[in-house]
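These notes are about the structure you will find just below.
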Number of protein chains: 4
Amino acid sequence: MSKPSCCPITRWRRRKEVRPAEILDAALALFVERGFKSTKMEDIAKAAGVTKGTPYLYFENKEDIFKAVLRENLVTRLASFAELEQQYEGSSADLLRLMMRRWWLEVGESPLAGICKLMFAEATNFPELARFYHHEVIEPSHNMLLRVLQRGVARGEFRDINPHAVVDTLVAPMMLTMTWRCSFGKVITDSQHRSMPPLQYLELSLDLMLGGLMTGRQPQQ
Amino acid sequence: MSKPSCCPITRWRRRKEVRPAEILDAALALFVERGFKSTKMEDIAKAAGVTKGTPYLYFENKEDIFKAVLRENLVTRLASFAELEQQYEGSSADLLRLMMRRWWLEVGESPLAGICKLMFAEATNFPELARFYHHEVIEPSHNMLLRVLQRGVARGEFRDINPHAVVDTLVAPMMLTMTWRCSFGKVITDSQHRSMPPLQYLELSLDLMLGGLMTGRQPQQ
Amino acid sequence: MSKPSCCPITRWRRRKEVRPAEILDAALALFVERGFKSTKMEDIAKAAGVTKGTPYLYFENKEDIFKAVLRENLVTRLASFAELEQQYEGSSADLLRLMMRRWWLEVGESPLAGICKLMFAEATNFPELARFYHHEVIEPSHNMLLRVLQRGVARGEFRDINPHAVVDTLVAPMMLTMTWRCSFGKVITDSQHRSMPPLQYLELSLDLMLGGLMTGRQPQQ
Amino acid sequence: MSKPSCCPITRWRRRKEVRPAEILDAALALFVERGFKSTKMEDIAKAAGVTKGTPYLYFENKEDIFKAVLRENLVTRLASFAELEQQYEGSSADLLRLMMRRWWLEVGESPLAGICKLMFAEATNFPELARFYHHEVIEPSHNMLLRVLQRGVARGEFRDINPHAVVDTLVAPMMLTMTWRCSFGKVITDSQHRSMPPLQYLELSLDLMLGGLMTGRQPQQ
DNA sequence: GATGAATGAGGGTTCATTCAT
DNA sequence: GATGAATGAACCCTCATTCAT
């Protein structure tokens, strides 16, 4: 009924290879929007342009799709950051700013941002996956920032405060922004930072924290 | 395993007054742990010490329980803060520290903390409730902090930065901590701030941000 | 709270005796309106002015109430007809007219009329009851009319046609009217006989049939 | 006991086209036998040779099946009668006899006859459907008979009595027979007209009424 | 006797999954 | 490979019935 636009054979061949990715993309979007349980297999299929049975040709079951969604959407992202981390020569504060900005542009504004909310929501239902995600994404990211922090301390740029806690603090506005935009942000019109663009908010936020982190002054109180 | 403490012969006892609260408490815990959809009515009932049908004596259906959980667990908490806000005479930074500490002790460590995660997870599935929660809890809290900020600015304690963004930043570690502890925190052993106690983390975190907020320092760069 | 109007003791005593009847009246009305299965015990209780548990003090269960409703509402009615049948001296046609009129006034316009619809609806669900009702009500009534018919034939008033079939024919408009008024009649405004009063319709109808029954005419064709 | 005739290995076969009709047939039979509320979806499914979930592939819910049962089983039947009505040249009494006989053979002896009882039983529970059925079936049938009656009067065959009431009378034995056979008839062995065949009873019954209707004599009294 | 809180079997409906086509 | 009809376990909710008060 629907006419394939061009080169049917090539197209079919290609289709076979992209199908799983299309399904996972559809699944990610729906899982983020509705959560794992509330997402119906048929909706995933429909969103991927196939019918009910097709996802089962590529995945064992719904949980398997969930796993694959996470597996497919986390790898490789951190590599480029590692490179940046090792090559950057400027101030550590600027390195943090740079990383934050890149993270936002590459992740925060992409569909991947939703994984953050998704994992918060499903962590207790899928402990194994949560551990996996933690081990593969959170921990490495955390450690990377930890190293930047230590670099700053070593270079006399940053004060020497509990670094784990500082990383968690630095990261909080970002994670919350990503989470917020997939939840309240979808249903509340005039909200969050009163319409300041996210990136600008994140920069302001980072500056605020750097203000307390950088040396050149005594801790307030 | 656990049994009602007395009268093992008695199949049940009339507890009309306490049942709804018990049911809502059980429901809150389960909704937070598993999400709305994955929580079975029968589990709520069991957790409340009753059988399948009993919750329906007090609530129309599962969604009604969800609404009631939110309704019952948000009111009245903000009143005492308002009082504090109006009577406090010390520095605005200290007022923020005080508020943060009290919020943590009264909310962050109570079962209410879970609502934060719950709402993130369910906001898009229950837009009306999300708006309700936003209007009743988030907005008022935000505005309260806004006033403290403005007080600080007016008294020359704080720099005059976009106040909405600052509030969101100040609040981020707290919200994330509450969210984290109901999600990854449940399944990952050695995690978060590397076992620094939450309250201590939050204080450190607040100090960091106050470091960038308070006057008497130049904006870094 | 509600003040008993008079003589509380007497009233209570009397109550105890009328309760079952009140419950059965309420049950009859509801069974007729909604059918057995769709009628809730609590609605019966409410309609009888008592609470959920009370009917169980007087009846074993819902089916028992159903049985009692039928048992209580059929006896004794036929006695007065039997008397009429034996004493009447006029024409058999007039006797039929008289009986029909009395049946309508005493049964057709009373709540008992509903039993007709009720039994049609529930006969297959309660075969035992249907047989009981048939044996106690339908059969005797049928036989009574049969005797009147035979009296008419014996007296040369009526032609000698298959008497069972004639009785069934004579009775059809009555039964259908009773059934109709408890079903379509409740939901359709302008209907049935185009608002001719039921009794008038029944008389016309009977006359029509008597026209074919009485002697003095040739069989048409 | 009965099994699909072939391929016992096959769990099921695709029968998209026939399923809805099979389900509706099964539903009609069960609704007639037990009433709407007492009929379980699973029984309908089983009677249609499928499992619980299958009916929901074709119908929204039980009430939807009820509606469809009625919708599917009323149309088109009246058309052939209309034709008869317009072409018939013989006496009006014979036309009535003809119609009655055909109605009985085509409807009265088919499963459709049960709809009569079904509607009596459920009219008050489904007022909308009752009105629909009245408007689509009862009213047109009534009007058709009305026209035959008026034809008879115009041709001097019938006396001019209130025609609505006469139609209702003419129709009563038929409707009652259909109703009876789905109710008491199922549970009482030796009953109704004492085993005279229904069609014969209906003819006798019609002749009786025609006897009173046809001209050639004064109204009895 | 009367109440009404509580029970729990039962039935409507959903949807992940299977598999004949 | 792809489809989508069919399955059936699972879950929400109802309501007849019980029984502590």
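Keep in mind that this is a model prediction, so the values were computed, not measured. The sequence lines fix the lettering, A, B, ..., with proteins before strands; numbering per chain opens at 1.
For D:Lys37 and A:Gly49, each mapped to the nucleotide of DNA chain F holding its nearest heavy atom, the one lying further toward the 5' end belongs to A:Gly49. Positionally, the nearest nucleotide of DNA chain E for C:Gly53 lies more toward the 5' end than for the other of D:Gly53 and C:Gly53. Mapping D:Lys40 and D:Glu60 onto DNA chain E by nearest heavy atom places D:Lys40 at the nucleotide closer to the 5' end.
Between C:Phe66 atom CZ and F:dA16 atom C1' the separation is 16 Å, expressed in whole Å. Taking atom CD1 on C:Ile23 and atom P on F:dT17, their separation rounds to 14 Å, with Å as the unit. Between D:Glu42 atom CD and F:dC11 atom P there is a gap of 17 Å when expressed in whole angstrom units. One interatomic measurement links the two molecules: CG of A:Leu57 to P of E:dT21, which rounds to 18 Å at whole-angstrom precision. Following rounding to the nearest Å, C:Glu22 (CD) and E:dG1 (P) show an atom-to-atom distance of 14 Å. E:dG11 atom P lies 14 Å from atom CZ of D:Phe36, rounded to whole Å. To the nearest angstrom, C1' of F:dT7 lies 14 Å from NZ of D:Lys46. With rounding to whole Å, B:Phe59 atom CZ is found 15 Å from F:dT14 atom P.
Of the candidate nucleotides F:dA6, E:dT13, F:dC13, E:dT13 has the atom lying nearest to any side-chain atom of D:Lys62. Closest approach to the D:Arg15 side chain among F:dA6, E:dT13, F:dA16 is made by F:dA6 (side chain taken as heavy atoms from C-beta onward). Checking F:dT18, E:dT17, F:dC13 against the side-chain heavy atoms of B:Tyr56 singles out F:dC13 as nearest. Set against F:dA16, E:dA2, F:dC12, the side chain of C:Met41 has F:dA16 as its closest nucleotide. Closest to the D:Thr51 side chain, of the nucleotides F:dG8, F:dC11, E:dG12, is F:dG8.
Applying the 4.0 Å criterion to OP1 and OP2 of E:dA6, one finds that B:Thr54 has every side-chain N and O outside that range. The side chain of D:Arg19 places an N or O atom within less than 4.0 Å of a non-bridging phosphate oxygen (OP1 or OP2) of F:dA6.
The residue D:Tyr58 sits close only to the backbone: its heavy atoms come under 4.0 Å of sugar-phosphate atoms, none of a base. Across all strands shown, D:Ser38 has no heavy atoms under 4.0 Å from either base or sugar-phosphate atoms.
Centroid-to-centroid, the aromatic rings of C:Phe36 and C:Phe66 come within less than 6.0 Å.
When atom types are taken as modelled, the side chain of C:Lys37 and the backbone of D:Arg34 share no donor-acceptor pair closer than 3.5 angstrom. Although no hydrogens or angles enter the test, the distance criterion places a donor-acceptor pair under 3.5 Å between the side chain of C:Asn73 and the main chain of C:Val69.
Looking at every heavy atom in both residues, D:Ser183 comes nearest to C:Thr124 through O-CG2, 3.9 Å.
Interface remark: the B:Lys52 side chain does not form any donor-acceptor pair with the E:dT7 base, using a distance-only criterion of under 3.5 Å.
For the pair D:Val50 and D:Glu22, the minimum side-chain heavy-atom distance is 4.5 Å or more.
Between the CD1 atom of D:Ile65 and the CD1 atom of D:Ile44 there is a distance of 5.0 Å, given to the nearest 0.5 Å.
Checking F:dA20 for Watson-Crick or G-U wobble geometry (two distances, each under 3.5 Å) identifies E:dT3 as its partner.
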